[in-house]
Amino acid sequence: MKAVVQSEFGDASVLTYSDIEIPKIEDKACLIKVAFTSVNYADIKTRIGNKGKESFPFILGLDAAGTIVESNANSPFSIGDRVIAFPKSGSYAEYVIANEPLVFKIPDSLSFEQAAAMPTVSMLSYILLHEIGQIKASDSIVIHSAAGGVGSMLVQLAKLAGVQKVIATVGNIDKVNYVKKLGADVVCTYESFTQEALKQTNNQGANIIFDSVAGDVTSMSLDCLALYGTLVQFGNSSGKAGTFKTSDVHSSCRNVKGFSLGTTRKHHPARLTPVAEKVIELFDSKQIKLRIAQIFHLSDAAEAHQLIESRNYEGKVLLKV
């Protein structure tokens with residue numbers, strides 16, 4: 001089969017389109033023929049070596065949409081089932097293995113393109129909003145990096161839940177219209193969001209702030225987080241750690257919560273099943289959708305990575321396999 005293989009850390013040129021053996025299924029796992037896979041920012045961090053140690057060679061990719069081609073006896077999945085999945089060893093490949101708890105059936109009415117765009121960003125966003133942030137309709141919230149995949153999903157899901165005020169940030173002012181069309185009430189840049197959030201809340205501050213950027217954005221977020229507010233931290237796309245002091249939280253009764261979908265896939269995959277069912281239904285009923293920024297062929301994965309790194313896109317970038 002064809003796959004994009006990486007044998008060293010580095011820029012996009014380290015991604016090589018190669019011939020490798022089709023993997024063999026194990027107990028309680030399925031073999032999936034991939035139709036599309038998405039490119040996530042975590043792939044960039046892994047490629048350059050910012051996600052910890054890796055055993056070379058390896059295949060990037062967190063999620064995939066495709067068709068079951070082999071399963072075990074007594075499996076809940078049958079040959080021909082259309083699914084989304086979080087594969088065991090990367091998804092930039094024609095065939096992937098995924099453990100059954102991380103495979104989810106999708107209806108025929110849901111396109112593979114939308115299905116491939118959704119797994120990581122929609123499940124992560126749903127958990128962030130409803131389980132970690134525990135949003136209420138009366139809240140005012142800030143969503144950072146709102147034009148990206150997770151940000152696009154957070155904005156839509158927040159408005160679908162009836163959140164009163166969604167304040168979104170973008171790195172490029174050209175993305176304002178896109179984020180407003182998603183449902184954001186106010187869109188601003190990282191330079192101005194602290195003042196804007198205070199202005200929009202009569203100087204009370206936002207009840208919940210969703211931060212995937214970290215670095216300076218974390219401390220700036222604390223400057224506009226309300227009493228009893230929650231800072232939800234789920235990434236560091238800036239490449240820098242965010243910092244805060246214990247005095248930033250205890251006297252103001254504020255809290256900081258962290259969440260990782262990767263940790264949850266590894267240690268508590270069953271937690272994702274009800275979430276997957278919910279977001280698949282929301283996509284299938286077209287209550288939410290994701291803009292597909294661009295689709296690249298699997299052999300052009302390096303170009304897809306360059307687009308992600310340029311940040312000059314809105315929505316999700318896919319690889320057609």
Side-chain angles (χ1 to χ4, degrees), residues 1-7 15-40 42-43 46-47 54-123 261-262 264-273 275-277 279-280 283-284 295-301 304 316-321:
M1 71 172 185
K2 293 291 188 182
V4 175
V5 179
Q6 180 172 345
S7 299
L15 302 177
T16 59
Y17 189 56
S18 308
D19 286 298
I20 64 172
E21 292 294 318
I22 295 175
K24 301 284 192 293
I25 67 167
E26 302 164 356
D27 190 36
K28 298 188 184 306
C30 301
L31 180 66
I32 300 166
K33 188 179 191 306
V34 179
F36 291 87
T37 179
S38 72
V39 182
N40 292 282
D43 299 342
T46 300
R47 191 201 74 217
E54 292 285 348
S55 298
F56 295 112
F58 64 85
I59 297 171
L60 289 171
L62 299 178
D63 49 29
T67 307
I68 300 287
V69 292
E70 189 179 352
S71 59
N72 286 291
N74 303 316
S75 171
F77 301 99
S78 303
I79 294 172
D81 283 347
R82 302 172 81 250
V83 297
I84 53 174
F86 295 105
K88 289 180 65 174
S89 302
S91 60
Y92 292 14
E94 290 183 318
Y95 294 89
V96 298
I97 297 289
N99 290 329
E100 290 172 354
L102 293 172
V103 181
F104 313 96
K105 292 180 186 178
I106 59 172
D108 292 343
S109 48
L110 181 61
S111 72
F112 275 137
E113 291 91 338
Q114 277 293 296
M118 63 172 282
T120 296
V121 297
S122 65
M123 291 188 212
L261 190 66
T264 305
R265 290 196 306 268
K266 181 178 180 180
H267 295 287
H268 198 177
R271 185 172 179 174
L272 299 181
T273 300
V275 177
E277 292 172 354
V279 296
I280 288 169
F283 270 87
D284 188 41
I295 298 175
F296 294 85
H297 187 268
L298 182 63
S299 59
D300 297 322
K316 287 292 292 181
V317 175
L318 302 182
L319 298 177
K320 183 177 179 9
V321 180

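Minimum interatomic distance between Ala115 and Ile84 (heavy atoms only, all atoms of both residues): O-CG2, 3.5 Å. Heavy atoms only, all atoms of each residue included: Met1 and Ile22 are closest at CB-CG1, 3.8 Å. Listed here is the closest heavy atom pair of Val96 and Gly90: CG1-O, 3.4 Å. Of all heavy-atom pairs between Ile97 and Ile25, the closest is CD1-CG2, 3.2 Å. The minimum heavy-atom distance between Asp43 and Ser38, with the atom names listed, is OD2-O, 3.9 Å. Contact record, Ile59 with Ser89: CB-O, 3.5 Å, taken as the closest heavy-atom pair.
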Determine, stepwise, if the pair Ile68 / Val103 fulfils side chain to side chain contact (heavy atoms under 4.5 Å, CB included).
-> CA-CA 10 Å; Ile68 300 287; Val103 181; 4.3 Å; yes
Working for side chain to side chain contact (heavy atoms under 4.5 Å, CB included), residues Met123 and Thr264 | CA-CA 11 Å; Met123 291 188 212; Thr264 305; over 6 Å; no
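Among residues two or more places apart in sequence or in another chain, the side-chain contact (heavy atoms from CB on, under 4.5 Å) test is passed with Thr16 by Val5, Ser18. Applying the side-chain contact (heavy atoms from CB on, under 4.5 Å) rule to Glu54 yields the partners Phe9, Thr46, Phe58; only residues at least two apart in sequence or on another chain are considered. Ala304 meets the side-chain contact (heavy atoms from CB on, under 4.5 Å) test with Val39, Phe296, Val317, Leu319; sequence neighbours excluded.
Val275 has its side chain out of reach of Ser122: every pair of non-hydrogen atoms, C-beta onward, lies at least 4.5 Å apart. Contact check for Ile79 versus Glu70: no side-chain heavy atoms found under the 4.5 Å cut-off.
Once rounded to the nearest 0.5 Å, the distance linking CG of Asn72 with SG of Cys30 reads 7.5 Å. In this structure, the separation between CG on Asp300 and CG on Leu15 is 11.5 Å, given to the nearest 0.5 Å. The CD atom of Glu113 lies 5.0 Å from the CD1 atom of Ile295; values are rounded to the nearest 0.5 Å.
Judged by distance alone, with hydrogens and angles left aside, the side-chain atoms of Arg47 form no donor-acceptor pair with the main-chain N or O of Leu60 at under 3.5 Å. Remark: the backbone N or O of Asp63 is paired with a side-chain donor or acceptor of Ser91 at under 3.5 angstrom. Ser71 places a side-chain N or O within donor-acceptor distance of the main-chain N or O of Phe77, the cut-off being under 3.5 Å.
Pairs of residues two or more places apart, or lying in two chains, that qualify as ring-ring contact (aromatic ring centres under 6.0 Å, His included) and include a residue from residues 83-120 are Tyr92-His305. Annotation: salt bridge (charged side-chain N to carboxylate O under 4.0 Å, His left out) contacts involving residues 83-112, sequence neighbours excluded, comprise Glu26-Lys88, Asp81-Lys105.
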Can you list, pair by pair, the side-chain donor-acceptor contacts under 3.5 Å of residues 265-273, counting residues two or more places apart and other chains?
residue : atom : partner : partner atom : Å
Arg271  : NE   : Glu131  : OE1          : 3.0
Arg271  : NH2  : Glu131  : OE1          : 2.9

